[in-house]
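Have a look at the structure below, then the notes.
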Number of protein chains: 2
Amino acid sequence: MIETPYLLFLGDAPDSLAAKVAQGIKDWRPGNCVGQFRLEGCKADLGLPDMDLAEAREAGAKTLVIGVANRGGVIGPAWKKVLVNALEEGFDLASGLHNLLRDEPDLVAVAEATGRALHDVRVPEVEYPIADGVKRSGKRVLAVGTDCSVGKMYTTLAVDAALREKGAKSSFRATGQTGILITGEGVPLDAVIADFMAGSIEWLTPDNDPDHWDVIEGQGSLYHVSYSGVTLALIHGGQPDALILCHEPTRTHLRGLPGYGLSSLEDLRDLSLQMARIANPGCQVVGVSINTQHLSEDEARAYCAEVEGRMGLPTVDPYRHGADRLADALLAM
Amino acid sequence: MIETPYLLFLGDAPDSLAAKVAQGIKDWRPGNCVGQFRLEGCKADLGLPDMDLAEAREAGAKTLVIGVANRGGVIGPAWKKVLVNALEEGFDLASGLHNLLRDEPDLVAVAEATGRALHDVRVPEVEYPIADGVKRSGKRVLAVGTDCSVGKMYTTLAVDAALREKGAKSSFRATGQTGILITGEGVPLDAVIADFMAGSIEWLTPDNDPDHWDVIEGQGSLYHVSYSGVTLALIHGGQPDALILCHEPTRTHLRGLPGYGLSSLEDLRDLSLQMARIANPGCQVVGVSINTQHLSEDEARAYCAEVEGRMGLPTVDPYRHGADRLADALLAM
């Protein structure tokens with residue numbers, strides 16, 4: 001669990017895309033962000049107050065979160081100076097970088113001396129159990145996709161927000177590094193040891209109030225041969241009551257797999273349901289989320305309407321149209 | 001890769017079941033075993049020559065393999081003395097124990113001083129790649145089961161042996177610790193990091209001669225919610241041309257999951273094929289392996305005949321009836 005609120009470190013981000021992790025935190029948990037810290041030459045701007053470390057501490061920030069991708073995979077001297085100073089000022093550090101904080105001897109030494117924590121969200125910090133498959137109380141919804149990177153995280157964050165806005169009990173359950181930084185907790189599923197994958201998701205989504213929704217971030221795809229095992233562990237560990245199908249309609253082949261075409265939404269529905277019902281026989285598909293970023297507004301509306309007519313399920317792009325109808329479908333279950 | 005041949009360490013095994021790893025090595029790779037090393041009170045006997053360390057070295061043994069489960073999960077002083085002496089005598093050590101050799105400071109120090117290797121087969125020794133899904137040359141067959149522990153390792157070892165006896169090119173590909181100790185190499189799939197599971201199986205079963213068979217040891221079951229993700233990674237990383245269905249007919253629920261009944265062989269066939277064809281559209285189910293250990297000879301024959309008639313697939317218990325018909329089915333493809 002990462003302590004909030006955060007000071008978001010944007011470093012020397014060459015453009016706003018490089019700071020997309022910070023952008024995600026600011027978009028979805030603005031209350032967790034007291035300000036941004038930028039180095040000279042930084043081209044990203046979240047519109048948060050620029051603060052130095054002392055100002056941010058004064059404003060209540062507990063953790064400096066690295067919200068930017070670093071160049072070349074190493075933490076350079078300019079960053080290092082800020083990180084060491086932050087520890088000295090009393091901040092914990094949190095990072096999703098490949099270059100782990102814990103692999104930097106100076107950061108480890110200073111963190112130890114100052115009693116601060118280094119959170120590498122790429123690496124599990126918990127010993128997860130083996131899944132036991134026992135039915136848990138509360139409700140769960142999981143996003144599944146025809147491919148990786150089709151908007152499963154965005155969809156689940158939007159559904160969680162829409163449920164809360166309607167006064168429903170909901171928790172976004174992060175299963176990837178960006179999601180973990182956004183909420184301050186979760187399971188970095190891609191880094192979990194094989195035998196404990198499903199168990200880590202049971203741990204992430206424990207017994208809860210009967211009317212509480214865990215909105216579980218999806219990973220990979222049952223059709224993506226590189227990561228399908230991760231996806232199935234998520235389906236069986238999450239034992240979802242509801243699935244949301246996610247799709248990006250302009251993709252010509254699976255991400256990173258040029259020889260693999262995309263499955264239809266119908267195939268995804270049938271295969272995902274068959275798999276999910278092994279763990280939860282009552283599971284239903286409640287809606288479709290289309291990532292229309294490469295379509296015009298008209299094309300997007302037409303595409304969603306076509307899918308909705310064909311499949312008989314509420315179909316939206318939550319980024320363009322909001323996730324209200326998906327949340328309504330869950331609440332109507 | 002563990003150097004062969006082996007001296008098999010049976011320790012103070014209280015019965016032959018405790019030495020079943022050693023028994024498996026002796027049954028399937030007798031040529032890898034020069035002898036057995038037993039402590040006082042050992043109740044197991046593989047029928048191999050009893051040797052001390054010097055005799056075994058003289059006979060050519062390169063590695064002392066711990067072929068017995070230890071009590072209480074710790075390596076006691078009586079064992080430790082033998083292991084240290086073995087390193088001093090020039091043996092490598094290999095073990096599938098939970099208590100890792102590498103976690104014993106004295107063994108690490110002596111191994112370093114003597115230049116010997118400590119092989120903990122529970123832990124990957126390779127940095128596996130992410131799977132790329134590219135079609136590989138050569139043929140592959142994978143065992144899939146209605147449950148864990150239904151005879152998938154035994155089936156694939158028997159099929160590999162039958163293929164070789166028929167003069168076919170075949171390699172047993174181990175995916176679990178006992179299989180790795182038997183063959184001296186393999187992937188401990190249950191201990192691989194989630195993102196690299198499928199890639200580890202691609203690594204294990206690389207391009208090969210067009211008429212060569214990789215006979216891949218199965219793990220878990222698509223229906224077993226604790227481990228199904230591991231199974232799917234094996235199916236997608238292995239991209240099998242052929243599947244053998246494995247089943248134990250007297251089981252009343254999935255192993256460790258009292259609430260979960262067993263699927264039918266027909267359901268297993270359909271779901272496994274659907275999954276396998278994502279990676280290899282030509283995949284076929286070629287036969288059924290029944291673990292009849294809890295049936296009488298008559299019951300076993302009747303059960304296999306019934307399944308064979310129902311499913312139209314050669315159906316045998318390879319332990320009772322041999323794996324010839326399964327190997328023939330592969331060679332007829």
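Here is the naming used below: chain letters follow the sequence lines, and residue numbers restart at 1 for every chain. Computed from heavy atoms alone, side chains included, the values below leave out hydrogens, waters and symmetry copies.
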- Turns out that what part of A/Gln274 lies under 4.5 Å from chain B's heavy atoms comes down to side chain
- Message: Could you walk me through whether A/Ile193 and B/Val192 satisfy the side chain to side chain contact (heavy atoms under 4.5 Å, CB included) test, starting with their C-alpha distance in whole Å, then the side-chain angles of each, then the deciding distance to 0.1 Å, before giving a yes or no?
- Response: CA-CA 6 Å; A/Ile193 300 283; B/Val192 172; over 6 Å; no
- Side chain, backbone, both or neither: which part of B/Ile130 has a heavy atom under 4.5 Å from chain A? side chain
- Message: Does atom CZ (A/Arg269) have a neighbourhood of more than 12 heavy atoms from anything else shown, all under 6.0 Å?
- Response: yes
- What residue, out of B/Leu271, B/Leu257, B/Asp190, has the most heavy-atom pairs lying under 4.5 Å from chain A? B/Asp190
- Looking only at heavy atoms, which of residues 222-236 of chain B get nearer than 4.5 Å to chain A? B/Leu222, B/Tyr223, B/Val225, B/Ser226, B/Tyr227, B/Ser228, B/Gly229, B/Val230, B/Leu232, B/Ala233, B/His236
- Quick one: which of B/Gly256, B/Pro258, B/Gly133, B/Gly220 has the most heavy-atom pairs under 4.5 Å with chain A, could you say? B/Gly133
- Message: Are more than 12 heavy atoms, taken from residues, nucleotides or ligands other than B/Glu112, located less than 6.0 Å from that residue's CD atom?
- Response: no
- Message: Can you tell me if B/His253 has over 12 outside heavy atoms packed within less than 6.0 Å of its NE2?
- Response: yes
- With a 4.5 angstrom heavy-atom cut-off, could you sort out which part of B/Gln239 is near chain A: side chain, backbone, both or neither? side chain
- Task: Step through the shown structure and confirm whether more than 12 heavy atoms of other residues, nucleotides or ligands are within 6.0 Å of CZ on B/Arg255.
- Result: no
- Query: Which atoms of B/Glu202 come close to chain A, meaning under 4.5 Å heavy atom to heavy atom: side chain ones, backbone ones, both, or neither?
  - Reply: neither
- Message: If I compare all heavy atoms of B/Leu189 with all of A/Ala194, which pair ends up nearest, and what's the gap?
- Response: O-CB, 3.3 Å
- Taking only residues at least two apart or on different chains, which pairs with a member in residues 259-283 of chain B satisfy ring pair (Phe, Tyr, Trp, His ring centres under 6.0 Å)? none
